[in-house]
Undergrad: 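My structure is below; once you've seen it, I'll send some questions.
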There are 2 protein chains.
Amino acid sequence: METDVTQTSQQQRPKNFIECRRVAVPVIEVLSRIGSKWTVYVIMALVTGPMRFSELKRHIEGISQKMLTATLRDLEEDGFITRKVTPTIPPRVDYELTEMGQELKGPLASIGEWAARNSGRVAEARERYATAEAERRAQAW
Amino acid sequence: METDVTQTSQQQRPKNFIECRRVAVPVIEVLSRIGSKWTVYVIMALVTGPMRFSELKRHIEGISQKMLTATLRDLEEDGFITRKVTPTIPPRVDYELTEMGQELKGPLASIGEWAARNSGRVAEARERYATAEAERRAQAW
DNA sequence: CGGAATCCTTCACGATACTG
DNA sequence: CAGTATCGTGAAGGATTCCG
């Protein structure tokens with residue numbers, strides 16, 4: 001509990017106006033990396049073990065080769081995965097989660113649990129919003 | 001622990017090829033919403049209590065009025081925040097986290113802790129990657 | 001097989017101006 | 001004060017083609 005992002009007490013709100021940004025920046029950097037659609041698929045695929053490029057492409061249905069390459073590059077650059085080339089013919093490239101990559105499981109699972117619990121509520125909220133929106137529109141006439 | 005996203009055991013890998021997608025979709029939906037830069041700032045700002053539009057704009061330095069509006073709309077649509085209009089002159093609009101919005105604190109804190117622990121490692125990895133990249137480039141000549 | 005390079009479309013986002 | 005409307009730009013991302 002050394003880095004509590006979520007203070008609620010009132011009197012330190014002014015402090016938060018400065019603190020929040022400092023705390024938020026790394027969170028946002030992480031989120032903007034793992035928050036991309038394909039990144040999550042790649043990580044989840046590799047959680048079960050190393051995989052080749054073509055395996056990943058087949059596994060992650062719908063991804064273009066360009067995006068897979070880019071996603072893997074980014075993940076490698078940040079140290080989430082390793083890239084091992086076996087210079088045979090044809091060549092073979094295996095991707096594997098690093099230990100740091102494995103540690104992402106925790107946060108991802110945390111989000112997954114939240115999503116599993118609340119996806120229904122989100123859907124309800126959207127319906128309510130759409131209905132209210134439609135009524136508001138009808139009112140205008 | 002009812003929804004473990006991160007199985008590691010080997011023999012159920014084939015099952016994961018199907019399961020992963022089902023599990024991943026809600027995670028990705030949540031991430032693509034809260035993964036946006038401004039969304040995190042807005043949520044973190046509102047964690048300390050309700051706030052007016054102009055307060056949020058002043059607090060979240062660098063956000064354009066357009067993005068703030070759009071972000072607030074999206075969060076409202078999904079049921080993360082409520083919008084309360086007081087039709088005075090000039091008008092007053094307060095935004096507040098719903099209970100569901102408050103519950104996001106957990107996952108966000110989880111990511112925040114991970115980021116705090118690993119931001120240094122990511123920086124190192126990037127440097128290593130840049131160095132290796134430069135060497136690779138030099139090799140080409 | 002595992003990419004890189006190119007083209008092209010879409011869209012997120014910022015800047016600006018106007019409104020109830 | 002709290003927005004909406006419009007325009008312009010850059011980046012994201014798909015489709016396609018070529019390469020070691």
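Keep in mind that what you see is a predicted model, and the values were worked out from it rather than measured. Just so you know, these numbers use all the heavy atoms, side chains as well, and skip hydrogens, waters and symmetry mates. Per chain, numbering begins at 1; letters A, B, ... match sequence-line order.
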Undergrad: Could you tell me whether the phosphate oxygens of D/dG13, OP1 or OP2, come under 4.0 Å of any side-chain nitrogen or oxygen in A/Ser64?
TA: no
Undergrad: Using a 4.0 Å cut-off on heavy atoms, which residues in residues 68-98 of chain B reach DNA chain C? List them by number, or say none.
TA: B/Pro91
Undergrad: Between C1' on D/dT9 and NZ on B/Lys66, what's the gap in Å once rounded to a whole number?
TA: 11 Å
Undergrad: Taking B/Ser110 for the side chain and A/Ser110 for the main chain, is one N or O donor matched with an acceptor at less than 3.5 Å?
TA: no
Undergrad: Which atom pair, heavy atoms only, marks the closest approach of B/Ile43 to B/Leu97?
TA: O-CD1, 4.1 Å
Undergrad: Closest approach of A/Arg52 and A/Pro91, non-hydrogen atoms and distance?
TA: NH2-O, 3.7 Å
Undergrad: Below the 4.0 Å mark, does D/dC1 have OP1 or OP2 next to a side-chain nitrogen or oxygen of B/Arg52?
TA: no
Undergrad: Please table the atom pairs, donor to acceptor, closer than 3.5 Å between any side-chain atom in residues 66-75 of chain A and protein atoms at least two apart or in another chain.
TA:
from, atom 1, to, atom 2, distance (Å)
A/Thr69, OG1, A/Gln65, O, 2.8
A/Thr71, OG1, A/Met67, O, 2.6

Undergrad: Please determine, for the side chain of B/Met67, which listed nucleotide (D/dC1, D/dG13, C/dC13) has the closest atom?
TA: C/dC13
Undergrad: Given D/dT4, C/dC1, D/dA2, which nucleotide is nearest the side-chain atoms of B/Phe53?
TA: D/dA2
Undergrad: Looking at A/Arg121 and B/Glu103, does any basic side-chain N land under 4.0 Å from a carboxylate oxygen?
TA: yes
Undergrad: In whole Å, I'd like the distance from the NZ atom of B/Lys57 to the P atom of D/dG3.
TA: 12 Å
Undergrad: Could you tell me the separation between the CD1 atom of B/Ile63 and the P atom of C/dC13, rounded to a whole number of Å?
TA: 10 Å
Undergrad: Between P on C/dA5 and CD on A/Gln65, what's the gap in Å once rounded to a whole number?
TA: 12 Å
Undergrad: Could you check how far NZ of B/Lys37 sits from P of C/dC13, rounded to whole Å?
TA: 9 Å
Undergrad: Can you give me the closest heavy-atom contact between A/Trp114 and B/Pro107, atom names plus distance?
TA: CB-CG, 3.7 Å
